[in-house]
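What follows is a short report on a single structure.
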Amino acid sequence: MLLQDKQIAIVGGGPGGLTLARLLQRKRADVKVYERDLNRNARVQGSPLDLHEESGLAALREANLLDAFKNNYLPGADKMIIANERAEIVYSDHENKPDENFGFEHFRPEIDRGVLRKILLESLQPETIIWDSHFVAMEKQNEGWLLHFKNETTAYADIVIAADGANSKIRPYITDIKPFYSGITMLEGNVYDAEKSVPQIANLLRGGKIMAFGNQKNILMGQKANAEIGFYASFKADENWAVNSGLDFSNKAQLLAWFKKEYSEWSSIWHELFENTVIPFVPRPIYCMPLNQTWEALPNLTMLGDAAHVMPPFAGEGVNMAMRDALELSESLCNENFSDLKTAIAHYENQMQKRAASAAQESLENGEKMHCSDALQKMLSFFSGSDY
């Protein structure tokens, strides 16, 4: 076994890193996950995740966690409404889309990020997660790496796997290729106790998702656990918009005034979101790795998820790619047909790069469609013509 007597360090405790840890432990590998959060409750989790049959759900199935997922997902949260800027519904699949259809290619059940993290954490052996481990640097030592953390601790590993997200600090040890700005920025907000605080929006949402299009701008939102709603105002902007806008993202009145000006043709119904968002709003410029990226494989270092191939969210592939990365990497590392670890890692990376490039291309194209002058018509045509 290639991993025999090898200590594996996974840096980053998101869905990709935790899925990989679970899969490797099921194959008796020695794994530690180094996570920057102080503890499992330190971070507010973002919008729900929709998992796909051939990637996220496939990884959970291999991890023997599909039943736990089925017991905790959000039935109906994948149902969708398409609206125009006046909040008029032009498409809905609420009446003909089943709450459960596992095994169907296009069924994409949603789960709260925090709940998925809990399922994965509880599946791991005790002491797998080393909390408060904010990676800062590493250096070669013997045949492996000595990792340094912000709290001045260190750890040795024979193999390091970067699962530390879009701003990965480990990626530069593998390649100097950097992401490019997609031209789109998303302004994120969250609303608590939605039925009371934003009743018109909650009534429109119906526990599912909304995609609203108008004037080359979007509002995208979805139901979260605990009666919360997460939403994004999405628009084309300069890469440094957040800094140059002069906006105070902790000032609701200022953000509402911005929305009224920039989304001037949009119905006042949407104002509820800006009046009731839990501050601060979070501006998120959207980046993507070059589609043709390649690098020379290393024998003791690789990466997965956004660290390897950050891409826009407009195809719903981010977490699914990360979890499929975990599945394929675990299979490669435990494949006795490979003569050495470098060969196993090279095989994984080659397949991952091709798969990620295809998903990123789709995400970029969807982003352009969603922010063009006839976005509503294009998206309506796409969804009404599908076999959902």
Side-chain angles (χ1 to χ4, degrees), residues 15 44-61 65-84 87-120 188-213 218-232 234 269-270 272-273 276 313-320 323 366 370 379-380 382-388:
V44 176
Q45 299 294 307
S47 298
L49 303 166
D50 63 309
L51 298 193
H52 305 174
E53 176 63 27
E54 75 287 354
S55 47
L57 293 177
L60 289 180
R61 190 176 294 109
L65 295 175
L66 189 59
D67 285 344
F69 176 88
K70 289 181 178 180
N71 291 333
N72 287 278
Y73 82 106
L74 299 167
D78 61 318
K79 294 183 178 181
M80 187 179 61
I81 284 169
I82 297 177
N84 61 23
E88 297 168 341
I89 297 172
V90 297
Y91 171 84
S92 171
D93 62 12
H94 277 257
E95 307 310 323
N96 55 28
K97 193 172 190 179
D99 284 349
E100 179 177 331
N101 199 5
F102 286 96
F104 176 54
E105 177 186 0
H106 295 298
F107 181 50
R108 298 183 170 184
E110 305 243 354
I111 190 167
D112 191 73
R113 286 175 184 260
V115 174
L116 178 60
R117 193 187 205 196
K118 183 173 183 288
I119 290 171
L120 290 166
E188 179 182 359
N190 287 281
V191 178
Y192 295 164
D193 196 12
E195 289 192 2
K196 291 184 179 179
S197 59
V198 290
Q200 293 182 95
I201 295 294
N203 184 60
L204 189 66
L205 187 64
R206 296 174 62 187
K209 298 189 290 187
I210 293 175
M211 301 171 71
F213 303 98
N218 310 162
I219 291 180
L220 312 170
M221 74 177 72
Q223 184 69 53
K224 299 174 68 174
N226 304 315
E228 298 176 24
I229 289 176
F231 74 94
Y232 299 87
S234 182
I269 289 175
W270 306 109
E272 281 188 339
L273 295 170
N276 294 280
F314 304 118
E317 291 289 357
V319 72
N320 287 284
M323 294 176 74
N366 285 352
M370 292 169 68
M379 300 311 293
L380 180 60
F382 175 81
F383 282 102
S384 62
S386 71
D387 55 358
Y388 278 53

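What's counted below: heavy atoms across the whole structure, side chains too, no hydrogens, waters or symmetry copies.
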Just how far is it from atom [atom1] of [X] to atom [atom2] of [Y], taken to the nearest 0.5 Å?
X: R206; Y: I89; atom1: CZ; atom2: CD1; result: 7.0 Å
X: F213; Y: L220; atom1: CZ; atom2: CG; result: 6.0 Å
X: K224; Y: L74; atom1: NZ; atom2: CG; result: 11.0 Å
X: R117; Y: D112; atom1: CZ; atom2: CG; result: 12.0 Å
X: Y91; Y: M211; atom1: OH; atom2: CE; result: 11.0 Å
X: N366; Y: F382; atom1: CG; atom2: CZ; result: 6.5 Å

Heavy-atom closest pair, residues [X] and [Y]:
X: H94; Y: M80; value: CD2-O, 3.9 Å
X: A87; Y: L204; value: O-CD1, 4.1 Å
X: N190; Y: G230; value: OD1-CA, 3.6 Å
X: D50; Y: G316; value: OD1-O, 4.2 Å
X: F107; Y: D78; value: CE1-OD2, 3.7 Å
X: G56; Y: N320; value: N-OD1, 3.3 Å

Donor-acceptor contact below 3.5 Å, side chain S55 vs main chain M323: no
Tell me whether N84 contacts the main-chain N or O of E88 through its side chain, where contact means a donor paired with an acceptor under 3.5 Å. yes
Tell me, do [X] and [Y] make a side-chain contact under 4.5 Å, heavy atoms counted?
X: S197; Y: I229; value: no
X: I201; Y: M221; value: yes
X: F69; Y: F102; value: yes
X: S234; Y: F314; value: yes
X: I219; Y: I210; value: no

Test L60 against every option in L65, I111, D67 by the side-chain contact (heavy atoms from CB on, under 4.5 Å) rule and name the one that passes. L65
No-hydrogen, no-angle side-chain donor-acceptor test under 3.5 Å, E272 and N276: no
Is the closest side-chain donor-acceptor distance between N72 and K118 under 3.5 Å? no
Salt bridge or not for E228 and R113, using N-O below 4.0 Å? no
Does the salt bridge (Lys or Arg N to Asp or Glu O under 4.0 Å) test come out yes or no for R61 and E53, once each step is laid out? CA-CA 10 Å; R61 190 176 294 109; E53 176 63 27; 3.0 Å; yes
Paired with E110, the side chain to side chain donor-acceptor pair (under 3.5 Å) test is passed by just one of Q223, K209, K79, namely K209
